Protein chains: 2
Amino acid sequence: MKRQVLIFGVVGGVLITVLKWTEYRFLVLEHSFEIYGALIAALFAGLGIWLGVRMHERRERVVVREVTVPVEVPVSIPASAPFTRDEAKREQLGITPREMEILTLVAEGLSNREIAERLFVSENTVKTHCSRAFDKLGAKRRTQAVQLGKEMGLLP
Amino acid sequence: MKRQVLIFGVVGGVLITVLKWTEYRFLVLEHSFEIYGALIAALFAGLGIWLGVRMHERRERVVVREVTVPVEVPVSIPASAPFTRDEAKREQLGITPREMEILTLVAEGLSNREIAERLFVSENTVKTHCSRAFDKLGAKRRTQAVQLGKEMGLLP
DNA sequence: AACGTCGTCATGCTTTCGAGTGATTTTGGG
DNA sequence: CCCAAAATCACTCGAAAGCATGACGACGTT
């Protein structure tokens with residue numbers, strides 16, 4: 001960003017100087033003002049467009065970078081992989097099978113209530129499992145848990 | 001796009017005219033040329049920046065997607081899919097670029113507050129976008145929205 | 001000028017989550 | 001049999017999420 005502004009300034013300065021100089025050489029005509037004006041306008045317009053695009057692109061790029069941090073660690077196989085859970089990772093994190101089960105359902109977008117109904121347990125139980133799983137995953141939200149779970153190869 | 005160019009031209013013309021006119025009124029000083037030059041330069045630079053940003057915004061949404069790709073990092077699979085968002089699907093569902101942006105961040109496990117901070121908007125705005133996006137996706141919860149989004153090729 | 005879309009923001013209200021704490025069963029292995 | 005790990009359930013409370021509704025401005029199209 002700074003570089004662009006710098007270049008912009010330098011070009012501007014050089015431009016002015018050159019114009020000032022040429023003014024005393026040739027083209028000391030009556031209508032030179034309009035010509036010079038048009039030239040300056042055109043040049044700076046182009047420069048402006050360039051700068052604008054550049055600036056905008058930078059910003060977008062930066063934003064995207066921040067947004068794109070997710071580091072995928074697919075342990076599975078390329079196309080059409082049936083997905084095999086990384087049991088080792090699960091063990092390592094101390095996540096129990098039941099917690100894994102709940103986690104899977106969470107990843108499918110079910111609410112605690114729905115999970116409870118599907119597994120024939122109380123909602124409180126689901127919450128407990130969730131809490132523990134989130135803890136072990138280091139997640140603060142269920143969406144984050146899902147994200148982390150996928151990165152770690154625990155979820156499809 | 002065309003309108004921008006038109007405005008650009010019109011402003012330019014008016015500018016020249018005004019300058020030409022003022023030239024014969026006041027400020028007929030010796031160094032007026034430099035002043036005028038600077039003014040023209042500044043104005044057209046600003047105009048150019050505006051135009052540049054405006055123009056660029058057009059395909060920005062698309063570009064963003066392409067840039068968003070660099071997710072690769074994994075150890076195994078080198079031929080991993082770079083992921084390209086299904087813009088057609090997005091259009092079809094009537095999901096706006098902004099909503100898509102929010103959805104992406106939701107999928108990364110960020111809370112509404114965090115999203116708001118990252119995008120420099122209020123939390124309420126984020127909620128609004130979320131609601132609309134969920135609606136269009138037919139999701140009741142953010143986790144479900146993420147799940148559906150992935151199935152539909154809208155999210156990585 | 002009128003209309004439609006998008007993005008922004010707010011307010012009020014309900015529901016869902018998640019943390020913290022504690023407690024009671026299963027269950028598998030030594 | 002006994003113990004530890006796992007699974008189950010409950011209760012509170014504050015935070016986060018979600019819903020409904022309305023509004024406003026910037027832009028683009030017609």
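Quick caveat: nothing in here was measured; it's all calculated off a predicted structure. To find a chain, count down the sequence lines: A is the first, B the second, and so on, and within it residues start at 1.
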**Message:** Looking at B/Thr125, I'd like to know whether one of its side-chain N or O atoms comes within less than 4.0 Å of OP1 or OP2 on C/dG7.
**Reply:** no
**Request:** Provide the closest heavy-atom pair for A/Thr143 versus B/Val106 in the form atom of the first, atom of the second, distance.
**Result:** CB-O, 3.9 Å
**Prompt:** Would a 4.5 Å heavy-atom cut-off, applied to side chains only, mark B/Leu93 and B/Met152 as touching?
**Reply:** yes
**Request:** Compare all side-chain heavy atoms of A/Lys136 with those of A/Phe134 and state whether any distance is below 4.5 angstrom.
**Result:** no
**Asked** Are A/His129 and D/dA7 close enough that a side-chain N or O sits under 4.0 Å from OP1 or OP2?
**Response** no
**Message:** Any N or O donor-acceptor pair under 3.5 Å from the base of C/dC17 to the side chain of A/Ser131?
**Reply:** no
**Asked** Which residues in residues 106-124 of chain A have at least one heavy atom lying under 4.0 Å from any atom of DNA chain D?
**Response** A/Val121, A/Ser122, A/Asn124
**Request:** Give a yes/no answer on whether the side chain of B/Thr96 brings an N or O atom under 4.0 Å of OP1 or OP2 in C/dC6.
**Result:** no
**Request:** For residues B/Val146 and B/Ala107, report the shortest heavy-atom separation together with the two atoms involved.
**Result:** CG2-CA, 3.6 Å
Give every pair of a protein N or O atom and an N or O atom of nucleotides 24-30 of chain C that lie under 3.5 Å apart, one pair per line with the distance.
none

**Item:** Residue pair A/Glu114, B/Arg141: steps toward the salt bridge (Lys or Arg N to Asp or Glu O under 4.0 Å) verdict
**Value:** CA-CA 12 Å; A/Glu114 289 168 337; B/Arg141 284 165 288 286; 2.8 Å; yes
**Prompt:** Name the one of B/Val126, B/Thr125, B/Leu105 that satisfies side-chain contact (heavy atoms from CB on, under 4.5 Å) with B/Leu119?
**Reply:** B/Leu105
**Item:** Gap between atom CG of A/Leu137 and atom CG of A/Leu155 - 0.5 Å precision
**Value:** 8.0 Å
**Fill in**
Closest non-hydrogen atoms of A/Gly138 and A/Leu148, given as atom of the first, atom of the second and distance, are O-CD1, 4.0 Å
**Request:** For salt bridge (Lys or Arg N to Asp or Glu O under 4.0 Å), just list the numbers for A/Arg90 and A/Glu99, CA-CA rounded to whole Å, side-chain angles, deciding distance to a tenth of an Å, and then say yes or no.
**Result:** CA-CA 10 Å; A/Arg90 188 183 64 69; A/Glu99 285 162 0; over 6 Å; no
**Of B/Lys127 and B/Ile102, the one whose closest DNA chain C nucleotide lies more 5'** = B/Ile102
**Message:** Tell me which residues in residues 132-142 of chain B lie within less than 4.0 Å of DNA chain C, going by non-hydrogen atoms.
**Reply:** B/Arg132, B/Arg141
**Message:** Using 0.5 Å steps for rounding, measure from the CZ atom of B/Arg142 to the CD1 atom of B/Ile102.
**Reply:** 11.0 Å
**Request:** To the nearest 0.5 angstrom, please state how far the CZ atom of A/Arg118 sits from the CZ atom of A/Arg113.
**Result:** 15.0 Å
